[in-house]
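Down below is the structure, laid out as structure tokens.
Fair warning: this is a prediction, and the values are worked out from it, not measured in the lab. Each chain gets a letter, A, B and so on, in the order the sequences are listed, and its residues count up from 1.
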2 protein chains.
Amino acid sequence: MTVTGIMVDSAGTIVPRPGGLPEEPTQASRFGKARTAQSGALLEDYVELISDLLGSAGEARPTDIARRLGVSHATAIKTIGRLKREGLALAKPYRGVFLTETGETLASRVRARHRVVVDLLLAVGVPREAAEQDAEGIEHHVSDTTLAAFDRFLRR
Amino acid sequence: MTVTGIMVDSAGTIVPRPGGLPEEPTQASRFGKARTAQSGALLEDYVELISDLLGSAGEARPTDIARRLGVSHATAIKTIGRLKREGLALAKPYRGVFLTETGETLASRVRARHRVVVDLLLAVGVPREAAEQDAEGIEHHVSDTTLAAFDRFLRR
DNA sequence: GACAGAGTGTAGCCTAGGCTACACTTTCAC
DNA sequence: GTGAAAGTGTAGCCTAGGCTACACTCTGTC
Ligand SMILES: [Mn+2]
Ligand SMILES: [Mn+2]
Ligand SMILES: [Mn+2]
Ligand SMILES: [Mn+2]
């Protein structure tokens with residue numbers, strides 16, 4: 001049995017089958033994009049957190065970052081190294097972590113998206129704590145298109 | 001400056017600060033749970049796909065799984081090995097992949113959740129293709145509580 | 001029944017992201 | 001100013017999840 005991914009509707013038009021398997025290249029591309037989104041998730045959480053710490057405490061130290069994220073300080077320091085390599089952060093030994101322009105810009109977008117995702121979840125009836133929890137993972141998979149839709153929904 | 005994560009509202013009651021940083025252990029726990037959810041994501045996608053292939057084509061071969069996921073067949077075979085180790089799949093050399101009872105049960109739940117997530121996105125105004133794309137990542141971070149809320153929202 | 005092509009499996013390599021252990025630097029109290 | 005505590009950095013280990021290359025098995029055609 002072959003899966004074609006299309007069907008003919010009641011008016012005789014050929015449309016994608018909503019219930020069945022998507023076309024193979026389409027599905028592969030979706031999975032691939034989801035993997036890509038995931039690989040950016042950790043960096044997004046780091047810049048958002050660093051920006052928050054800089055704003056509220058005036059500094060972002062590796063140990064504080066590590067405690068907030070629930071990882072060891074060694075793990076945090078290694079990831080901060082990656083942030084530096086990718087041009088998102090600046091840090092000199094024993095002097096705390098700062099964000100580049102690029103890093104701050106990313107942090108702002110990530111923070112705004114985080115807020116919208118939480119608000120959307122609350123708006124459709126998700127309890128507060130579940131919304132806060134699930135948003136932490138969901139946010140990294142919300143595209144600009146979807147974010148815009150969430151925004152429109154919240155404003156009406 | 002210290003971040004306490006609480007505030008006093010207009011009635012004099014102490015409440016969590018909605019805008020600021022969450023309490024440290026709370027935030028660490030959220031990040032930790034998001035990491036846990038993520039680590040299950042790949043297995044969920046595999047069992048859902050294998051179940052779909054078994055249903056529509058009658059068999060699930062490593063190459064087909066690989067093509068659908070957009071990875072090499074070697075990667076797929078390695079992951080199928082992990083599914084076996086975790087008691088979700090059964091496979092004998094050159095004889096295709098099957099799901100255990102546990103695997104089928106997981107597949108059903110994952111498929112149902114996938115559908116609800118897509119429907120929720122559509123219901124709040126996300127365009128079809130963005131909904132299908134983003135759901136592929138979002139689904140793995142939707143808790144039972146949130147899923148139930150989505151369900152209620154869709155039924156009203 | 002041979003053999004070509006498709007499918008399968010294994011080996012070996014890589015990076016990301018966890019960890020612990022240990023050594024070094026800084027800071028703060030006295 | 002010194003010494004202890006806190007913080008920082010490095011080394012080395014692990015697993016998951018990618019990849020390519022290569023060898024083996026199966027299947028369908030002639
Ligand atoms: Mn997050
Ligand atoms: Mn976030
Ligand atoms: Mn998925
Ligand atoms: Mn799915």
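Considering only side-chain atoms of B:Ser72, the nucleotide from D:dC26, D:dT20, C:dG18 that sits closest is D:dT20. With D:dC26, C:dA16, D:dG18 as the candidates, the nucleotide lying closest to the side chain of A:Arg85 is C:dA16. Closest to the B:Ile77 side chain, of the nucleotides C:dG9, D:dA16, D:dC26, is C:dG9.
Between the side chains of A:His141 and A:Gln38, at least one donor N or O lies within less than 3.5 Å of an accepting N or O. A side-chain N or O of B:Gln27 and one of A:Arg68 form a donor-acceptor pair less than 3.5 Å apart. The closest side-chain donor-acceptor pair between B:Thr146 and B:Ser143 falls under 3.5 angstrom.
The interatomic distance linking B:Asp64 (CG) with C:dG7 (P) rounds to 7 Å, in whole Å. Between the CG atom of A:Leu83 and the P atom of D:dG9 there is a distance of 13 Å, given to the nearest Å. For the pair B:Ile80 CD1 and C:dG7 P, the interatomic distance rounds to 14 Å; values are reported in whole Å. Atom CD1 in B:Ile65 sits about 14 Å away from atom P in D:dG18, given to the nearest Å. The distance between atom CD of B:Gln38 and atom P of D:dG18, rounded to the nearest whole Å, is 10 Å. Between the OH atom of B:Tyr46 and the P atom of D:dG18 there is a distance of 6 Å, rounded to whole Å. The interatomic distance linking A:Lys84 (NZ) with C:dA16 (C1') rounds to 18 Å, in whole Å. Spacing between atom CG of A:Asp45 and atom C1' of C:dA16 amounts to 15 Å, rounded to whole angstrom units.
Annotation: side chain to side chain donor-acceptor pair (under 3.5 Å) contacts of B:Thr75 (sequence neighbours excluded): B:Ser72.
When the nearest nucleotides of DNA chain C are assigned to A:Tyr94 and A:Lys78 by heavy-atom distance, the more 5′-ward of the two goes with A:Lys78. Comparing A:Thr75 and B:Arg67, the nucleotide of DNA chain C nearest to each residue sits closer to the 5' end for B:Arg67. Toward the 5′ end of DNA chain D lies the nearest nucleotide of A:Arg61, the other residue of the pair A:Arg61 and B:His73 mapping further downstream.
Applying the 4.0 Å criterion to OP1 and OP2 of C:dG7, one finds that B:Thr63 has every side-chain N and O outside that range. Phosphate proximity of D:dC19 to A:Arg35: absent, as no side-chain N or O sits under 4.0 Å from OP1 or OP2.
Using a 4.0 Å cut-off between a side-chain N of Lys or Arg and a carboxylate O of Asp or Glu, B:Arg67 and A:Glu24 qualify as a salt bridge.
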